[in-house]
Amino acid sequence: MRVFVAGGTGHSGSYIIPELVSAGHEVTGLARSDTAAAALSALGAKVRRGDLQDLDGLKEAAADSDGVIHVAHRQDLLPSGGIDAVTAAELPVVHAYGEALAGTGKPLVAAGSIGSPGNGRSLSRPATEADPALPVGDEHRGTLRARNVVEAAVVGLAERGVRSSVVRIANIAHSTTDRAGFLPMLIALAQEKGFAGYPGDGANLWNAVHARDAASLFRLALEKGPAGRYWHAVGDGGIPVRELAEAIGSRLGLPAVSVPLDELMLPAHFGFLANVVTQSYPASNVISRETLGWEPAQPGLLADLDNGHYFPAG
C-alpha cells in the first residue's frame, strides 16, 4: 500500500513508519521542516513538505494514497490555548481526510486516548474496544475529554465509506526514545522531590504499551481493520500506580511515598499531572487481539525499566 503518515517524526510515528516499511508498504510522511524531512528519510519514508494547516495539501496527500495514518497534532497551540485549541485545529484535518477518502473504502487510522471511553471508576470494569468515546459538553472544556470529538469524527467517517478506526494508546507508551511521555515526567518529578510519590494508597490502575507493539497495531488496523472501530494499544492492562512509583524509586535509590488525597497537597506535588495520576484506567485488549491478530511482543513496562535507558548512568 501507499501510505500517507502525518506525525511520522513523533514518538509513535517514528516506530510506525519502520513497521510499515518492513511490511513492504511505501510510506510518505508529512514534514514542515528540513529537520523533519531528514528524519523521515532516515526512517525509510518519502517526504511531502507541508503542515497540518494546509488542508488542501492534506486532501491531496490522502487522495494520492491507499491509506492514511494520523498521529499528529498542533502541539504548538498547547501553551496558549490548551487542549481546546489543539482539538479545534485537529477537527478540520479529520474532515479534510474525510473529503478525500469518502466512498473509497480506504483506511484512515488515527491515534486516540485510552481514557476516551471513561475510567475504571465510571465503567466499574476495564474499558474495552466496544466502548465508544464519551460525549463532550461545555463542562469538559480544558480537559482531555475535549479531544473525544476528534475520535468520534474519525469513527463517524465509516458512514461515509471510509474504513476509519482509532487506536487508543495506553497511558504510557515506553521505548528507548521516550523523552516527553508520562513516564519521563514521573521520573523527573521523583528526582526533583527526592521520593517517588503516588496518590493515596496508589491502588488506581494505569496501563502501558511498548511503542513498537503500538506501531504493529496501527499497521494491522490499516491493513485489515473493519470500519468504525476502536482498538486498544495496551500491553500491560492494569499496573497499580503505587507499583509504578516503587519501581521508579527502586531504580533511583529513592523511597516511594504516599501523597495524601488532598486538594492542596496533590497539586503541590504532581502539578498539572494531579488530575491524571489519580485516575484509574484498566483496559482490555482482547478484541484487538482476536480481531486483528495483534500480539504484543516487546518487554512490559516494568521489565523495560530494567533496561536502564530511562535512568542516567551513575
Side-chain angles (χ1 to χ4, degrees), residues 73 75-88 112-127 133-149 168-174 178-208 236-283 301-302 305 310-312:
H73 64 273
Q75 191 170 359
D76 59 299
L77 296 176
L78 277 172
S80 59
I83 191 65
D84 295 324
V86 174
T87 298
S113 168
I114 200 65
S116 70
N119 58 40
R121 297 188 181 104
S122 62
L123 293 171
S124 299
R125 57 170 172 76
L134 292 171
V136 177
D138 289 341
E139 66 273 24
H140 303 119
R141 291 179 61 84
T143 71
L144 288 176
R145 184 163 165 178
R147 193 187 172 276
N148 285 12
V149 297
R168 291 170 172 158
I169 302 176
N171 299 110
I172 295 174
H174 53 100
D178 178 18
R179 299 290 181 267
F182 284 136
L183 187 53
M185 291 180 190
L186 292 173
I187 292 171
L189 187 62
Q191 291 172 316
E192 174 192 344
K193 302 291 186 179
F195 65 91
Y198 56 88
D201 63 7
N204 56 308
L205 304 175
W206 272 28
N207 47 69
D236 298 305
I239 302 173
V241 172
R242 176 174 181 167
E243 188 174 336
L244 176 58
E246 290 171 343
I248 291 171
S250 69
R251 288 156 180 82
L252 291 174
L254 297 173
V257 178
S258 171
V259 178
L261 296 173
D262 179 274
E263 62 181 9
L264 295 179
M265 296 188 73
L266 274 176
H269 180 81
F270 290 106
F272 74 94
L273 290 175
N275 289 333
V276 180
V277 78
T278 56
Q279 298 298 313
S280 191
Y281 296 103
L301 174 59
L302 298 180
L305 285 174
Y310 277 103
F311 305 96

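When every heavy atom of Pro199 is checked against every heavy atom of Val241, the shortest pair comes out as CD-CG1, 3.8 Å. Looking at every heavy atom in both residues, Pro255 comes nearest to Gly194 through CD-O, 3.9 Å. Minimum interatomic distance between Ala247 and Leu305 (heavy atoms only, all atoms of both residues): CB-CD1, 3.8 Å. Of all heavy-atom pairs spanning Ala173 and Asp178, the tightest one is O-OD2, 3.6 Å. When every heavy atom of Asp236 is checked against every heavy atom of Leu301, the shortest pair comes out as OD2-N, 2.8 Å. Closest approach of Ser113 to Pro117, counting heavy atoms only: O-CD, 4.2 Å.
Annotation: Leu252, atom CG; neighbour count of heavy atoms from other residues, nucleotides and ligands within 6.0 Å is above 12.
Residues passing the ring pair (Phe, Tyr, Trp, His ring centres under 6.0 Å) test with Phe182, sequence neighbours excluded: Trp206. Taking the side-chain contact (heavy atoms from CB on, under 4.5 Å) definition, one finds that Asn207 meets it with Ile114, Ala170, Asn171, Val234, Tyr281, Ala283, sequence neighbours left out. A search for side-chain contact (heavy atoms from CB on, under 4.5 Å) contacts involving Leu77 returns Arg74, Ala85, Val86, Ala89, not counting sequence neighbours. Residues forming a side-chain hydrogen bond (donor to acceptor under 3.5 Å, both in side chains) with Arg168 (at least two apart in sequence, or on another chain): Ser116, His232. Judged as a side-chain hydrogen bond (donor to acceptor under 3.5 Å, both in side chains), and not counting sequence neighbours, the contacts of Arg125 are Asp131. Pro126 is linked by a side-chain contact (heavy atoms from CB on, under 4.5 Å) to Pro282, counting only residues two or more places apart in sequence or in another chain. Under the side-chain contact (heavy atoms from CB on, under 4.5 Å) criterion, Val149 pairs with Thr87, Leu91, Val136, not counting sequence neighbours. Here Glu246 pairs with Arg242 under the salt bridge (charged side-chain N to carboxylate O under 4.0 Å, His left out) rule; sequence neighbours left out. The salt bridge (charged side-chain N to carboxylate O under 4.0 Å, His left out) search around Arg145 returns none, not counting sequence neighbours.
A side chain to side chain donor-acceptor pair (under 3.5 Å) check over residues 181-196, counting only residues at least two apart or in different chains, returns nothing. Residue pairs meeting the side chain to side chain donor-acceptor pair (under 3.5 Å) criterion with at least one partner in residues 247-263, sequence neighbours excluded, are Arg251-Asp306.
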Requested in this report: Carefully, step by step, assess Ile248 and Leu183 under the rule side chain to side chain contact (heavy atoms under 4.5 Å, CB included).
Outcome: CA-CA 9 Å; Ile248 291 171; Leu183 187 53; 4.0 Å; yes
task = In sequence, state the C-alpha distance, the side-chain angles, and the governing distance for Tyr198 and Asn204, and then conclude on side chain to side chain contact (heavy atoms under 4.5 Å, CB included).
result = CA-CA 10 Å; Tyr198 56 88; Asn204 56 308; over 6 Å; no
Return all side-chain donor-acceptor pairs below 3.5 angstrom for residues 266-275, not counting sequence neighbours, or 'none' if the list is empty.
none

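For the atom pair CG (Asn119) and OG (Ser280), the distance works out to 7.0 Å, reported to the nearest 0.5 Å. Rounding to the nearest 0.5 angstrom, the gap separating the CD1 atom in Ile172 from the CG atom in Leu186 is 6.5 Å. How far NE2 of His73 is from CD1 of Ile83: 7.0 Å, rounded to the nearest 0.5 Å.
Under a 3.5 Å cut-off, the side chain of Asn148 and the backbone N or O of Pro135 do not form any donor-acceptor pair.
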